Amino acid sequence: PKLKLLSKIKKLFINDEEHEKEIDKINLSPLNLKIISNTITILISGFGSESENIYSWRHFIDYESKFSNFYFYKWPSGDFGEMISIIPFSNKFILEFPQKFINYKLKAKLVGKILGLFLASNDEFKKLQINLVGFSLGCHVIKCCLKEMSKIKGVRNMINNVLFLAGATTIKDNQNWKKIMISVVGGRIINVYSSHDLVLSKLFKFCVDNTAIGTRELILKDENNLNNIIENYDVSDLKLGHLDYRKNFSKILKKINFY
């Protein structure tokens, strides 16, 4: 599918020169268009992933490459090396880190809106089965993408499956989010979480004073208020910390049977 439309949509959000530099970092890149398939999977990394390459997703792609073509949605998420230079819970950390995280959370919201507008406006993508896979703050990008898409006509069930991995975001069990999910997602909505994820249970909660979906079951009841429309998978038995997910994608995907 042609990606030129993304550049046009990005321009709608530019306010000044500095903002333009940030927006320009947003990019949707094809990875392995090797198979004949009408299924594409868009991979979205999290906080501090700006300088990473697709190597971090290699285990996911290797495991699922028979079923889908892949795209990588890169965004201005900061540099992880810069983040860990601040000693956790030192005075400098307490003063600086929460605001840094909030700023990148706001950026995630913006890039999610841009992705939502791009997908909803792209006729070629509407012919495909689209899966969204997010890790960490990349899950917040997906959340904001789905919310934006829900405002646009003609996109009902446009997204096939959604996979939240160690989600650094929150989703409330209310009518609004139920409508958003049901209207935009036609397939599975999967939340993979772990009680061993101290980055989410400690740092995320410290920054936003809320509980991340990557540490708990996510509950969104169906239209009859009977069944949960979210499939929750507790991978605490794998004893995964936040940064261990990437090395264990094959174990996780085997457990959830994503495709």
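From a predicted model like this one, the values you see are computed outputs, not experimental measurements.
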Quick check: is Phe204 connected to Ile102 through a chain of hydrophobic side chains (ILVMFWY, heavy atoms under 4.5 Å apart)? yes

Is the shortest side-chain heavy-atom distance between Thr41 and Ile61 below 4.5 Å? no

Could you tell me whether Glu124 and Lys127 have a side-chain N and a carboxylate O separated by less than 4.0 Å? no

Using side-chain contact (heavy atoms from CB on, under 4.5 Å), reason through Ile26 and Leu115 one step at a time and then give a plain yes or no. CA-CA 9 Å; Ile26 300 170; Leu115 180 61; over 6 Å; no

Value rounded to 0.5 Å, distance of CZ in Arg188 from CD in Glu231: 4.0 Å

Does anything in residues 167-179 form a side-chain hydrogen bond (donor to acceptor under 3.5 Å, both in side chains)? List the pairs, not counting sequence neighbours. His140-Thr169

Determine whether Ile229 and Lys221 make a side-chain contact, defined as any pair of heavy atoms from C-beta on separated by less than 4.5 Å. no

Looking only at side-chain N and O atoms, does Arg246 offer a donor or acceptor that is under 3.5 Å from a partner on Ser56? yes

Is it true that Tyr193 and Phe164 have ring centroids separated by less than 6.0 Å? no

Heavy atoms of Gly134 and Cys139 approach each other most closely as O-SG, 3.2 Å

Heavy atoms from other residues, nucleotides or ligands near NZ of Lys126 exceed 12 (cutoff 6.0 Å): yes

Less than 4.5 Å apart, side chain to side chain, heavy atoms only: is that true for Asp79 and Glu50? no

Taken to the nearest 0.5 Å, the spacing of Ile180 CD1 from Lys151 NZ works out to 8.0 Å

Side-chain donor or acceptor of Ser136 paired with backbone N/O of Ala168 under 3.5 Å: no

Take Phe206 and Phe97, measure what ring pair (Phe, Tyr, Trp, His ring centres under 6.0 Å) needs, and give me the verdict at the end. CA-CA 10 Å; Phe206 176 73; Phe97 190 84; 8.1 Å; no

Could you walk me through whether Tyr63 and Phe249 pass the ring pair (Phe, Tyr, Trp, His ring centres under 6.0 Å) test, one step at a time? CA-CA 8 Å; Tyr63 194 87; Phe249 275 151; 9.9 Å; no

If I compare all heavy atoms of Ala166 with all of Leu200, which pair ends up nearest, and what's the gap? O-CD1, 3.5 Å

Are Val133 and Leu238 connected into the same hydrophobic cluster when the rule is that any two of I, L, V, M, F, W, Y join if their side-chain heavy atoms are below 4.5 Å apart? yes

Determine whether Leu137 and Ser77 satisfy the following criterion, side-chain contact (heavy atoms from CB on, under 4.5 Å), listing intermediate values before the conclusion. CA-CA 9 Å; Leu137 199 56; Ser77 60; over 6 Å; no

Separation of Leu253 CG from Asn248 CG (nearest 0.5 Å): 10.5 Å

Side-chain donor or acceptor of Asn122 paired with backbone N/O of Phe125 under 3.5 Å: yes

Ionic contact status for Lys247 with Asp244, cut-off 4.0 Å: yes

Residues forming a side chain to side chain contact (heavy atoms under 4.5 Å, CB included) with Leu198, sequence neighbours excluded: Ser201, Lys202

Counting only N and O atoms by type, is there a donor-acceptor contact under 3.5 Å from the side chain of Ser195 to the main-chain atoms of Ser236? no

Are Trp57 and Phe60 packed together at the side-chain level, in the sense that at least one heavy-atom pair is separated by less than 4.5 angstrom? yes

Return yes if a side-chain donor-acceptor contact under 3.5 Å exists between Thr39 and Ser68, otherwise no. no

For the residue pair Val199 and Leu243, establish whether any side-chain heavy-atom pair is separated by less than 4.5 Å. no

Evaluation steps, side-chain contact (heavy atoms from CB on, under 4.5 Å), between Asp197 and Leu240: CA-CA 7 Å; Asp197 193 332; Leu240 301 181; over 6 Å; no

Identify the heavy atoms of Asp237 and Asp234 that sit nearest to each other, and give their distance. OD1-O, 3.6 Å

Is the shortest side-chain heavy-atom distance between Cys145 and Leu132 below 4.5 Å? yes

Distance (rounded to the nearest 0.5 Å) between Leu146 CG and Ile159 CD1: 6.5 Å

Answer whether the closest heavy-atom distance between the side chains of Leu117 and Ile152 falls below 4.5 Å. yes

Verify the distance criterion only: is there a donor paired with an acceptor across the side chains of Ser150 and Ser183 at less than 3.5 Å? no

How long is the span from the CG atom in Asp24 to the NZ atom in Lys10, to the nearest 0.5 Å? 5.0 Å

Do any N or O atoms from the side chain of Asn157 and from the backbone of Val184 form a donor-acceptor pair under 3.5 angstrom? no

Just by distance, do the side chain of Trp75 and the backbone of Ile44 share a donor-acceptor pair under 3.5 Å? no

Applying side chain to side chain contact (heavy atoms under 4.5 Å, CB included) between Asn191 and each of Ile171, Leu220, Leu218, report the one that passes. Leu218

Do Val162 and Ile190 touch side chain to side chain, with heavy atoms closer than 4.5 Å? no

ring-ring contact (aromatic ring centres under 6.0 Å, His included) pairs touching residues 212-243, sequence neighbours excluded, are Phe135-His242

So how far is it from Lys113 NZ to Cys144 SG, rounded to the nearest 0.5 Å? 9.0 Å

Checking side chain to side chain contact (heavy atoms under 4.5 Å, CB included) between Tyr73 and each of Ile142, Val111, Leu43, Asn27, which is the one that passes? Val111

Lys107 vs Glu22, side-chain contact (heavy atoms from CB on, under 4.5 Å): CA-CA, chis, key distance, verdict: CA-CA 9 Å; Lys107 288 181 184 180; Glu22 289 287 282; 2.5 Å; yes

